[in-house]
Amino acid sequence: INFVDEYRIWSKANYGNELKESPREYNFCHTTIQQDEHLVIEDASQDQRFNHFDFVVNDPCLRFYAGVNIKKDQQNLGTICVLGQEPKQLSESQLSALKTLANEVEARLELNRKNIELETTAAFLEASVDLMLILDAKTLMIEKISQNGNQLFPRLKPENLLKPLDELLPNWDFIQELRECFAAGTTVFRSESKVPISGQVLYLQLNAALKNGVWLITAKDITNKKIAEEEVLREQQFSTAIIQALPINFFMYDENGNIIKWNRKGLLENDYTDEEYAELTPMDFFEGEDQVRVKNYIQKTLASEKSEGSIEADIVRKDGSREPHLFNAICFIKGDKKYLIGTGQSIATQRND
């Protein structure tokens, strides 16, 4: 796995060689990143672009190279590549495997970036609180209140100092959590809690620390966030219920052939477990001419971003038997990603008629 900076190609991870970096202009990967997707060199000694490179002319006498670009926001950052000392050709399945590995690297880079962003955001959130409380750990008497200018808790006012928290908010489940943590000897914990206030529910993200016999508590109002999450969850449950209620098969794949959502009403329903089904691509269900036609149909649908009509093809079941099906699919775009969404149903009865 190689990355590129202004002057060099440097290896983030490698196997089978000790080369850590080299000048970018004398490296196969420098040419690869100038391509859109990948570069394959079957025999570097016969390629005028590379036959003068030192590692081609001299030890280790490299001949074969295949590299796929690692991207972020359509910009090439580096490559994942394989090298060999003998001329050879790369099969389509090997190139596909290399592209899959490149996608995995891209996904991990993006996850790492998002984790860093989340950590930064969390630090700011912890520094910006809506409520601060100091409570006597044994009695839960309020010793200090600060609401940072907001009025989340109308009952928590300075005049309520030296009153027990459970007297002011008797239905707050966080109070029982405080008691249990104190009894168990827990000195630091985080919690999300909902508080019923005046017929409404307030959601809080809480941090509590036990110091010198008092609870130091900070709280952030996350009501809008929780309401939004619950709405998203309801929408997901609703769409899942619709999909599962369809009388015919439904499928949704990303443009790399990875299954996203599905039901299997009448289509391979008893052939595979959900785990097995999730590992299969659309091409795994077809053979011969049908596989070629279905592949072209999918490519055209994703490229045209509209329905290409329907297609008939024979599903090959796990036991090798075949059953004719009618498929319809469209391209669905979300952000910069494309998805293949469609349905399939058996037409065996119609064929027999």
Side-chain angles (χ1 to χ4, degrees), residues 32-40 68-77 90-107 110 235-236 238-240 242-268 277-317 322-348 350-351:
T32 305
I33 64 169
Q34 298 177 57
Q35 315 299 313
D36 183 45
E37 294 291 343
H38 64 273
L39 174 69
V40 177
V68 173
N69 284 318
I70 297 169
K71 299 174 178 285
K72 181 185 182 299
D73 299 330
Q74 303 304 312
Q75 182 178 358
N76 294 335
L77 302 179
L90 193 72
S91 70
E92 184 175 339
S93 63
Q94 289 172 326
L95 178 59
S96 176
L98 205 56
K99 289 180 178 179
T100 299
L101 290 173
N103 290 336
E104 176 67 12
V105 173
E106 291 171 4
E110 181 65 12
E235 289 292 333
Q236 291 175 340
F238 180 64
S239 63
T240 298
I242 292 176
I243 290 170
Q244 297 304 320
L246 291 173
I248 58 177
N249 169 250
F250 170 90
F251 55 84
M252 177 179 180
Y253 289 91
D254 66 17
E255 54 190 319
N256 296 315
N258 300 309
I259 190 71
I260 306 299
K261 291 183 178 181
W262 72 93
N263 74 13
R264 291 183 285 154
K265 297 292 180 66
L267 176 59
L268 307 172
Y277 193 76
E279 294 295 324
L280 300 172
T281 71
M283 295 301 97
D284 293 324
F285 300 114
F286 305 96
E287 290 181 351
E289 182 183 342
D290 279 348
Q291 190 177 70
V292 175
R293 292 192 307 107
V294 170
K295 183 177 181 180
N296 290 335
Y297 175 79
I298 291 173
Q299 289 175 342
K300 288 181 180 179
T301 302
L302 290 173
S304 64
E305 300 177 6
K306 64 180 181 180
S307 173
E308 290 293 314
S310 60
I311 184 173
E312 294 183 16
D314 287 351
I315 283 285
V316 179
R317 294 187 176 279
R322 297 171 178 267
E323 183 177 348
H325 279 73
L326 180 69
F327 297 94
N328 289 273
I330 61 168
C331 175
F332 174 71
I333 300 176
K334 183 178 181 181
D336 60 349
K337 296 186 180 297
K338 291 182 178 181
Y339 300 91
L340 185 77
I341 298 179
T343 59
Q345 64 184 120
S346 173
I347 55 172
Q350 293 88 327
R351 284 270 186 94

What is the distance from atom [atom1] of [X] to atom [atom2] of [Y], rounded to the nearest 0.5 Å?
| X | Y | atom1 | atom2 | result |
| --- | --- | --- | --- | --- |
| F285 | L280 | CZ | CG | 4.5 Å |
| Q291 | D284 | CD | CG | 8.0 Å |
| T301 | I341 | OG1 | CD1 | 12.0 Å |
| L101 | S96 | CG | OG | 9.5 Å |
| N69 | L39 | CG | CG | 9.0 Å |

If you compare all heavy atoms of [X] against all heavy atoms of [Y], which two are closest, and at what distance to 0.1 Å?
| X | Y | result |
| --- | --- | --- |
| F251 | G344 | CE2-N, 4.1 Å |
| H325 | S346 | CD2-N, 3.3 Å |
| K261 | S239 | NZ-OG, 3.7 Å |
| L340 | I298 | CD2-CG1, 3.8 Å |
| I333 | G335 | CG2-O, 3.7 Å |
| N76 | I33 | ND2-O, 2.8 Å |

Quick one: does any side-chain atom of [X] pair with a main-chain N or O of [Y] as donor and acceptor, under 3.5 Å?
| X | Y | result |
| --- | --- | --- |
| D254 | I260 | no |
| Y297 | A329 | yes |
| K71 | D36 | yes |
| E323 | I315 | no |
| N249 | N263 | yes |

Next on the checklist: Within the supplied structure, the quantity of interest is the number of heavy atoms (other residues, nucleotides, ligands) at a distance under 6.0 Å from E279 CD; does it exceed 12?
Outcome noted: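 No, because the 6.0 Å sphere around CD of E279 holds 12 heavy atoms or fewer from other groups.
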Checklist entry - Sequence neighbours excluded, which residues qualify as side-chain contact (heavy atoms from CB on, under 4.5 Å) partners of L326? => result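 L326 satisfies side-chain contact (heavy atoms from CB on, under 4.5 Å) with S310, E312, N328, I347 only.
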Next on the checklist: Test of understanding: with side-chain contact (heavy atoms from CB on, under 4.5 Å), list the residues that count as partners of Q236, not counting sequence neighbours.
Outcome noted: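 Scan of Q236 (side-chain contact (heavy atoms from CB on, under 4.5 Å), adjacent residues dropped) gives V232, L233.
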Next on the checklist: Less than 3.5 Å apart, any donor N or O on the side chain of T100 or N103 sitting next to an acceptor on the other?
Outcome noted: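 Per modelled atom types, T100 and N103 side chains form no pair under 3.5 Å.
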Next on the checklist: Filter on salt bridge (charged side-chain N to carboxylate O under 4.0 Å, His left out), then keep only pairs touching residues 285-295, sequence neighbours left out; what's left?
Outcome noted: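 Sorted pair list: E92-K295, E287-R322, D290-R293.
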Checklist entry - Does E37 have any salt bridge (Lys or Arg N to Asp or Glu O under 4.0 Å) partners at least two apart in sequence or in another chain, and if so, which? => result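 Checked E37 against salt bridge (Lys or Arg N to Asp or Glu O under 4.0 Å); zero matches.
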Next on the checklist: Could you work out, with salt bridge (Lys or Arg N to Asp or Glu O under 4.0 Å) as the rule, every residue matching E255, not counting sequence neighbours?
Outcome noted: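 Once residues adjacent in sequence are excluded, E255 has no partner under the salt bridge (Lys or Arg N to Asp or Glu O under 4.0 Å) criterion.
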Next on the checklist: Can you list everything that forms a ring-ring contact (aromatic ring centres under 6.0 Å, His included) with F286? Sequence neighbours excluded, please.
Outcome noted: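 Here the qualifying residues are F327.
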